[in-house]
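Presented below is the structure to which this report refers.
Indexing begins at 1, ligand by ligand and atom by atom, following the structure's order. Quick caveat: nothing in here was measured; it's all calculated off a predicted structure.
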Amino acid sequence: VTAPRLSLVQRLARTLLPARAFAAMERESREWMLECSGCGHRRSLWEMGGIRYKASGTPRMRGSCARCGTSGWHPIVRDRAA
Ligand SMILES: [Zn+2]
């Protein structure tokens with residue numbers, strides 16, 4: 001088991017937020033997935049070092065897919081089963 005590595009913005013949030021709020025934010029951030037517009041491969045925003053909390057809608061994020069290499073704008077979808 002490797003220790004979770006947090007991005008700068010995640011470490012900042014952990015410093016600023018009470019532990020319970022940080023845990024809730026991590027849980028919600030893990031539900032948001034960047035979905036490849038090419039192959040449908042999903043990666044959680046949290047694992048990519050991002051934060052998304054108390055948000056709705058379907059934003060898009062620029063990046064490239066780790067699986068098929070499709071680069072461009074991919075939708076961010078919420079997966080409540082995650
Ligand atoms: Zn892909």
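- Using a 4.5 Å cut-off between side-chain heavy atoms of Ile, Leu, Val, Met, Phe, Trp and Tyr, Ile76 falls into a hydrophobic cluster with Trp32, Leu34, Leu45, Met48, Met61.
- For the salt bridge (charged side-chain N to carboxylate O under 4.0 Å, His left out) condition, the pairs that include at least one residue of residues 46-70, sequence neighbours left out, are Arg30-Glu47.
- Leu17 and Val9 fall within a single hydrophobic cluster, where Ile, Leu, Val, Met, Phe, Trp and Tyr side chains are chained together by heavy-atom contacts under 4.5 Å.
- Of all heavy-atom pairs between Ser29 and Ile51, the closest is OG-CA, 3.6 Å.
- Glu35 pairs with exactly one of Arg42, His74, Arg43, His41 by the side-chain hydrogen bond (donor to acceptor under 3.5 Å, both in side chains) rule, that one being Arg42.
- Within the structure, salt bridge (charged side-chain N to carboxylate O under 4.0 Å, His left out) pairs that include any residue of residues 6-24 do not occur (at least two apart or interchain).
- Shown are the protein N/O/S atoms under 2.8 Å from the Zn ion (ligand 1), given by residue and atom: Cys36 SG, Cys39 SG, Cys65 SG, Cys68 SG.
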